[in-house]
Amino acid sequence: MTALGFLSPGPSAADDYPRIEQLLGSDIRLDLVRTDRPAEGVEQLRLAGVEAVVWVCADEGVAPDPDTARNRLRDLATTAGVPASSTPFAFVRAAREIDAMPVAVSASGTPEETARFAEFLRAGGLEVVGDTGAGPAEVTGGDETADGGEEAGGGEEAGGDEEAALLALARAADDPRARAVLLPDPDLSTAAHLPALEAALGKPVLTASQVAVWEALRLTDRRVHAPELGALFTREPIVQV
């Protein structure tokens with residue numbers, strides 16, 4: 001069993017992680033802890049026996065530049081006793097993994113937040129040819145009731161609306177030169193829609209929950225072939241699911 005840990009300051013599309021876990025196979029466990037203080041949340045993950053930790057954050061706002069971000073991740077790794085990373089770095093590595101340069105970025109945050117994220121990508125060596133901050137989006141995951149079910153009005157129709165909203169968000173920043181579109185907002189539920197988004201855009205789509213899990217697997221030297229999670233999960237060498 002490979003146990004992977006994720007820390008988030010917000011909702012972070014919590015429904016994505018059980019879905020991704022199911023698609024990855026029975027020997028991989030994903031543990032998500034919501035906390036504003038990574039040092040506190042990481043203790044819970046450490047006790048759960050995780051082998052890697054990824055801080056799922058909306059942009060580099062918690063780490064104003066790559067050097068500061070790396071220093072904070074070193075501290076996080078020291079506290080956890082396992083390798084650690086964050087979604088901004090995961091996006092950089094994932095884009096390189098699929099040879100996707102240049103990239104376009106479309107976020108549901110403010111234009112300023114999106115611009116900061118784009119600058120972080122550029123500092124990591126990526127070329128960004130389009131970036132759009134659309135403001136708060138209506139494409140976060142469906143609310144859940146106490147027993148884990150979706151509230152009334154969910155189901156297939158709600159899923160279609162969610163997919164349409166995600167596609168509109170992706171198209172808002174897409175550029176003919178871009179070889180991939182990045183959706184960095186960690187509160188977007190995207191795992192169920194990745195194949196449809198990539199088919200509609202004709203290029204890879206990278207999202208926060210997707211790259212967070214991929215990065216955690218990378219830190220534990222795991223490669224999983226799971227096409228339902230997009231082009232990022234179809235690279236060699238693979239462990240077939």
Side-chain angles (χ1 to χ4, degrees), residues 4-23 30-38 41 45 53-63 69 85-92 94 103-118 120-121 131-146 148-151 153-154 158-173 180-194 196-197 205-216 229-230 232:
L4 308 174
F6 304 89
L7 295 165
S8 169
S12 286
D15 53 329
D16 266 9
Y17 292 86
R19 181 184 294 273
I20 294 174
E21 182 180 86
Q22 185 177 27
L23 292 172
L30 309 182
D31 294 333
L32 175 66
V33 174
R34 298 178 184 177
T35 178
D36 289 323
R37 299 180 179 181
L45 293 175
V53 173
V54 175
W55 173 236
V56 184
C57 50
D59 59 26
E60 88 296 355
V62 295
S85 188
S86 66
T87 45
F89 284 114
F91 274 108
V92 172
V103 301
V105 178
S106 190
S108 59
T110 66
E112 293 76 16
E113 289 171 340
T114 306
R116 287 199 301 270
F117 180 77
F120 190 96
L121 298 178
D131 61 85
T132 299
E138 299 294 333
V139 289
T140 53
D143 291 334
E144 296 181 352
T145 60
E150 290 188 354
E151 292 182 351
D161 291 344
E162 183 177 82
E163 189 170 289
L166 287 168
L167 183 56
L169 181 66
R171 282 177 168 159
V181 175
L182 280 54
L183 305 179
D185 187 340
D187 294 335
L188 298 181
S189 291
T190 60
H193 310 295
L194 287 164
L197 292 175
V205 174
L206 301 179
T207 71
S209 57
Q210 173 209 42
V211 302
V213 173
W214 177 84
E215 177 77 338
L229 293 174
L232 180 61

Do you know which two heavy atoms are closest between [X] and [Y], and how far apart they sit?
| X | Y | value |
| --- | --- | --- |
| Pro184 | Ala208 | O-CB, 3.6 Å |
| Val211 | Ala94 | CG1-CB, 3.9 Å |
| Gly230 | Gln210 | CA-NE2, 4.2 Å |
| Glu162 | Ser189 | OE1-O, 3.7 Å |
| Val54 | Thr87 | CG1-N, 4.2 Å |

Side chain to side chain donor-acceptor pair (under 3.5 Å) partners of Ser8, counting only residues at least two apart: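 Here the qualifying residues are Ser12.
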[atom1]-[atom2] distance between [X] and [Y], expressed to the nearest 0.5 angstrom:
| X | Y | atom1 | atom2 | answer |
| --- | --- | --- | --- | --- |
| Glu215 | Ser86 | CD | OG | 8.0 Å |
| Leu229 | Thr190 | CG | OG1 | 9.0 Å |
| Glu21 | Leu4 | CD | CG | 9.0 Å |
| Gln22 | Leu30 | CD | CG | 11.5 Å |

Residue among Leu182, Asp185, Val181, Leu194 satisfying side chain to side chain contact (heavy atoms under 4.5 Å, CB included) with Thr207: Leu194
side-chain contact (heavy atoms from CB on, under 4.5 Å) partners for Val92, two or more places apart: Arg96, Leu121, Leu126
side-chain contact (heavy atoms from CB on, under 4.5 Å) involving Arg34 - partner list, sequence neighbours excluded: Ala14
Can you confirm whether [X] sits close enough to [Y] that some side-chain heavy atom of one is under 4.5 Å from a side-chain heavy atom of the other?
| X | Y | value |
| --- | --- | --- |
| Leu169 | Leu188 | yes |
| Ile20 | Ser209 | yes |
| Leu7 | Thr35 | yes |
| Phe117 | Phe91 | yes |

From Phe120, Trp55, Trp214, residue fulfilling ring pair (Phe, Tyr, Trp, His ring centres under 6.0 Å) relative to Phe89: Phe120
Aromatic ring pairing Phe6/Tyr17, orientation class (parallel under 30°, perpendicular over 60°, tilted between):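 Tilted: the ring planes of Phe6 and Tyr17 meet at 30° to 60°.
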Donor-acceptor under 3.5 Å (Asp131 side chain, Thr114 main chain): no
